Each structure stands twice: as C-alpha cells, then as structure tokens.
Amino acid sequence: FARPLMQTPEFCGACHKQFIDKELNRATRVQLQNQYDSWRGSHWFVADPDNPTRADKEKSLQCNDCHMREMDSQDPAVLDGKHKHHGFIAAGQWLPLLHDLPHAEKHVKLTEEWLQGKTVIPEIADRWPGGPPVPIEIEAPETAKPGEPVRIRIVADNRQVGHAFPTGPLDAIQAWFDIRGRQGRTEIFASGP
C-alpha cells in the first residue's frame, strides 16, 4: 500500500468513476458515480505545472487527505512513522451500521463530527478552512399558530467538499434532513429519514 500510485486520486478514480454498460441496464451506458471528475473540476484541484493532468500535491487537496487521515504507525513499510487510516471517514455513514461492522458507531460519530465542522485534520489544517463542509441554513418562522401553514426552507451549501454533495453510487446518493416541530416539549411534527 506504500506504492506511489496507490496514494493518487487516479487510483481512487479507478472505482469512483464508474459506468453501467448498456447490456446491464437495457437502455444506454449510464454513469454510476464520478467523484473523480467532480473533484478535478473543484477548487481543491490545482494542476501540477510540470504535468497539468496531475494534481500539485502541495497545493491540491486529494481524496486521501480528507477521507484517510494520518495516524501513528509501527508498520515497517512507512517512512515517517505514520500511515493513512482506511476508515474512509465521511464516506458511506450508513453502510458500516447496515453491515454491523466493527467500530461502526465510532465511524458514524467521526462522520457526524466532520459534517458539523468539529473535525480538525492536522495534516491539512493549513489548507482546510474551519466550520462545516456543507453549512445548513434554515429559514422558518420563530413561532406559528395552531392550524397555520408553516413554510420551512433549508439550504445546504457545498462550500468545502471536493466533489458534488451528496455523492456516491446512483442507488445511494442521499442526504437527509431530520425536521421536528415542537409545542413546548411535545413533538407535533416530524419529517426525516
């Protein structure tokens, strides 16, 4: 895993740029997911001046910078005493719980902290601004009278994610808002996952 190719966005793109062939969906070739091109079109991709098809590793934020945080390591293959953690935080929060994987609750907690802007990743802190990567703005009245229609508007603004948000395979691209209305301590309305 220490080979240079395995540390590149192109290696990630081998799976994160997929298509479903015409023979499988009976219609046409359909793109399944493409975080790679989405990232290349984002402000986190800065081309290497010597090879514009590749990222400048010092100026770009790459897939493993955000999703594979550094951790101390005793592995003899590492050179600097650290390796990238393969938990892929902020990716597929639901899957670890679905499959009852070891440490699934910790993965969910770390992902929630990342989405809330509580996470600092030391190795990219100089390039990654603080706060939530997808800030949420809620427009709603402070109060409402019984029976009165209430209009609520929620805006999620992808400011920091290096690809589209939400993203993933076509059958799993979802971000949920859990909205609850209360009268005193009594919940009178709920809409969510």
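This one's a predicted model, so the numbers in the text were calculated from it and none came from an experiment.
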For this session: Answer yes or no: is there a donor N or O on one side and an acceptor on the other, between the side chain of T8 and the main chain of L5, under 3.5 Å?
Result: yes
For this session: State whether the number of non-hydrogen atoms from other residues, nucleotides or ligands found under 6.0 Å of Q116 atom CD is greater than 12.
Result: yes
Exercise. Got a second to check how far I121's CD1 is from R69's CZ, nearest 0.5 Å?
Worked result: 4.5 Å
Problem set entry | Short side-chain to backbone donor-acceptor contact, K17 and Q33, under 3.5 Å | no
Problem set entry | Test item: V161 and V134 side chains (from C-beta on) under 4.5 Å apart, heavy atoms | yes
For this session: Would you indicate whether E58, at its atom CD, is surrounded by more than 12 heavy atoms from other residues, nucleotides or ligands within a distance under 6.0 Å?
Result: no
For this session: Decide if atom NZ of K106 counts as having more than 12 heavy atoms of other residues, nucleotides or ligands within a radius under 6.0 Å.
Result: no
Exercise. Between CG of D80 and CD of E70, what distance do you get to the nearest 0.5 Å?
Worked result: 6.5 Å
Exercise. Do N64 and C12 touch side chain to side chain, with heavy atoms closer than 4.5 Å?
Worked result: no
Exercise. Judged by atom type as modelled, is there a donor-acceptor pair below 3.5 Å linking the side chain of E113 to the main-chain atoms of L110?
Worked result: no
Exercise. Are any side-chain N or O atoms of W39 and backbone N or O atoms of G13, one a donor and one an acceptor, separated by less than 3.5 Å?
Worked result: no
Exercise. Atom CD of E123 and atom CG of L61: how far apart are they, to the nearest 0.5 Å?
Worked result: 10.5 Å
For this session: Give the ring-plane orientation class for H86 versus F88, where under 30° counts as parallel, over 60° as perpendicular and anything between as tilted.
Result: perpendicular
Exercise. How many angstroms lie between CZ in F45 and NZ in K59, if you round to the nearest 0.5 Å?
Worked result: 12.5 Å
Exercise. Could you give the distance from NE2 (H107) to CD1 (I89), rounded to the nearest 0.5 Å?
Worked result: 5.0 Å
For this session: Determine whether more than 12 heavy atoms belonging to other residues, nucleotides or ligands lie under 6.0 Å from atom NE2 of H85.
Result: no
Problem set entry | Atom CD of Q74 with >12 non-hydrogen neighbours under 6.0 angstrom | no
For this session: For D37 and N34, run side-chain hydrogen bond (donor to acceptor under 3.5 Å, both in side chains): C-alpha distance rounded to whole Å, both residues' side-chain angles, the deciding distance at 0.1 Å, then the answer.
Result: CA-CA 6 Å; D37 285 342; N34 190 353; 2.9 Å; yes
For this session: Please round to the nearest 0.5 Å and tell me the distance separating atom OG of S60 and atom CZ of R40.
Result: 9.5 Å
Exercise. Between the main-chain N or O of H83 and the side-chain N or O of S73, is there a donor-acceptor pair closer than 3.5 Å?
Worked result: no
Problem set entry | Flag, side chain of D157 to backbone of R159, donor-acceptor distance under 3.5 Å | no
Problem set entry | Under 3.5 Å: donor-acceptor pair, side chain of S191, backbone of I179 | no
Problem set entry | Qualifying residues under side-chain hydrogen bond (donor to acceptor under 3.5 Å, both in side chains), relative to E112, sequence neighbours excluded | Q93
